[in-house]
Protein chains: 2
Amino acid sequence: MSLKYAVLAALLEGEASGYELSKVFDVSLANFWPATPQQLYRELERLAGDGLIEARTVPQERRPTKRMFSLTAAGREQLAAFAAEPTRRPTAVRDEFLIKMQAMDGVDPRAVRALVEERRAWALGKLARYERVRERLLDGRTEEEYLRDADRVGPYLTLLAGITFERDNARWCERVLTVLGERRAAAGPAGPAALG
Amino acid sequence: MSLKYAVLAALLEGEASGYELSKVFDVSLANFWPATPQQLYRELERLAGDGLIEARTVPQERRPTKRMFSLTAAGREQLAAFAAEPTRRPTAVRDEFLIKMQAMDGVDPRAVRALVEERRAWALGKLARYERVRERLLDGRTEEEYLRDADRVGPYLTLLAGITFERDNARWCERVLTVLGERRAAAGPAGPAALG
DNA sequence: CACACTTATTCAAATAGTTCAGTAGCCAGA
DNA sequence: TCTGGCTACTGAACTATTTGAATAAGTGTG
């Protein structure tokens, strides 16, 4: 149900095609509402049918024809109404990696280290992408200036949430690597006894 | 697919009934893999059918009969194998509230404040619950002692991730309230002009 | 010029997750 | 005694999400 509003919110940034939206949902919006291209195309169809967005066919040279979608007045209204309502569903995090971490005791510590290092690298990569988006939004201004003067602060604030999230992910990984190292040291140079 | 392993990981803590698991998935495990009671009962049935867990019927006085589930050797093995494999799916966060925040500009600031305050209270409540679980796990030891000496550190480390997450949520809310306050002040005592 | 990759979208099928309701006995408060 | 809530579970229907593939043209690399 919320994908609908996620799409409308994404279109606040301006007209976009399904393909462009799928890119947006892969970077910034993926932070709090991931969606595959298939989901987006279906949702765009539905929203257009309900008159919340309107489609414009744009033939291109050397590229397939695309359809650009933009918010209608009705779409803006429904989005604003949704955004003012109390939140129904609490945050849901689904993280396969943390299931593995929950079960880490009983797994070869080298395998665990590898997983944690991979996760750390991934978090740092995502953080770097977020930081680039941030620089683009700030466009030379300081954060303070931006938050005081900008027309829209929503996208910047949600981006900050994503930045904090990934930074913490990376830090958590570093903490785990330290803990694993200390436990190995404590267990003696022969390594831990328990692997089953 | 991962619900399977989340249930197996939850059973590492020892035998539990479907009902008890549904409580666990509502507090600590909800941190990274939420599941409704219905999902759990279905999954437990499947896992028992596959021989990864075994069921024991426990008749009770004054209470309905319950079925207690525990890991089999096969279940432990499959879980350990899963936990050693590279992570397939990145973290997926689904947060209706952040969609509302993305669209906050164009909504009555008083409504936004209310949402943010509600969210903050919710995060602090969850944080308090996590902290109680933490105290129980530590059982008088310091974190350093625990992480060095305990048999299993996985559940504690995932709990730490949850604590950081909720703490940051609360802090983010406070930041947003400050920003909103300063923007209102900057817009003048009459309040912001743009509401549509 | 073959190969892989990107833009741009659609279809079909499978899997996962949510919602609503129902059964059934017990306990506590008004 | 009625109401609501807790323990404990089950069933059916629904909605949402994921996966794989197909179409179709263009672009860059060796």
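As a basis for the values below, the full set of heavy atoms in this structure was taken, side chains included, without hydrogen atoms, waters or symmetry mates.
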Distance, rounded to the nearest Å, where Q60(B) contributes CD and dA8(D) contributes C1' = 8 Å
Can you name the nearest heavy-atom pair linking V107(A) to A83(B), along with the distance?
-> CG2-CB, 3.7 Å
Does OP1 or OP2 of dA8(D) have a side-chain N or O of T65(B) closer than 4.0 Å?
-> no
Could you tell me whether S22(A) contacts a base, only the sugar-phosphate backbone, or nothing, with contacts defined as non-hydrogen atoms closer than 4.0 Å?
-> nothing
M68(B) has an atom CE; how far is it from atom C1' of dC9(D), in whole Å?
-> 15 Å
Would you check if the side chain of R94(A) reaches a backbone N or O of P34(B) as a donor-acceptor pair within less than 3.5 Å?
-> yes
Mind calculating the distance between CZ (R88(B)) and P (dT18(D)) to the nearest angstrom?
-> 16 Å
Take the protein atom CZ of F69(B) and the nucleotide atom P of dA8(D), then report the distance between them rounded to whole Å.
-> 13 Å
Just how far, in rounded Å, is C1' of dA8(D) from CG of L40(B)?
-> 13 Å
Backbone N or O of L138(A) within a donor-acceptor pair of the R141(A) side chain at under 3.5 Å?
-> yes
Report the distance from atom CD of E43(A) to atom P of dA16(D), rounded to the nearest whole Å.
-> 8 Å
Y41(B) side-chain N/O to Y19(B) backbone N/O, donor-acceptor pair under 3.5 Å = yes
Could you list all N or O pairs between the protein and nucleotides 11-17 of chain C that sit under 3.5 Å apart?
residue: dA16(C); atom: OP1; partner: M1(B); partner atom: N; Å: 2.7
residue: dG17(C); atom: OP1; partner: R94(A); partner atom: NE; Å: 3.4
residue: dG17(C); atom: OP2; partner: Q39(B); partner atom: NE2; Å: 3.3

N/O (side chain, Y41(A)) to phosphate O (OP1/OP2, dT10(C)) under 4.0 Å = no
In terms of the nearest nucleotide of DNA chain D, which residue is placed more toward the 5' end: R89(B) or R67(B)?
-> R67(B)
Classify the nucleic acid contact of K4(A) as base, sugar-phosphate or nothing, counting any heavy atom under 4.0 Å across all strands shown.
-> nothing
Closer to the 5' end of DNA chain D via nearest nucleotide, is it A92(B) or G18(B)?
-> G18(B)
Examine distances only and state if a side-chain atom of T87(B) and a backbone atom of F97(A) form a donor-acceptor pair shorter than 3.5 Å.
-> no
Nearest-Å distance for atom pair OH/P, residues Y19(B) and dG5(D) | 13 Å
dA8(D) C1' sits how many Å from K23(B) NZ, rounded?
-> 10 Å
Smallest heavy-atom separation, A170(A) atom then R120(A) atom, equals O-CD, 4.2 Å
Is there side-chain contact between V93(A) and F165(B), with heavy atoms separated by less than 4.5 Å?
-> yes
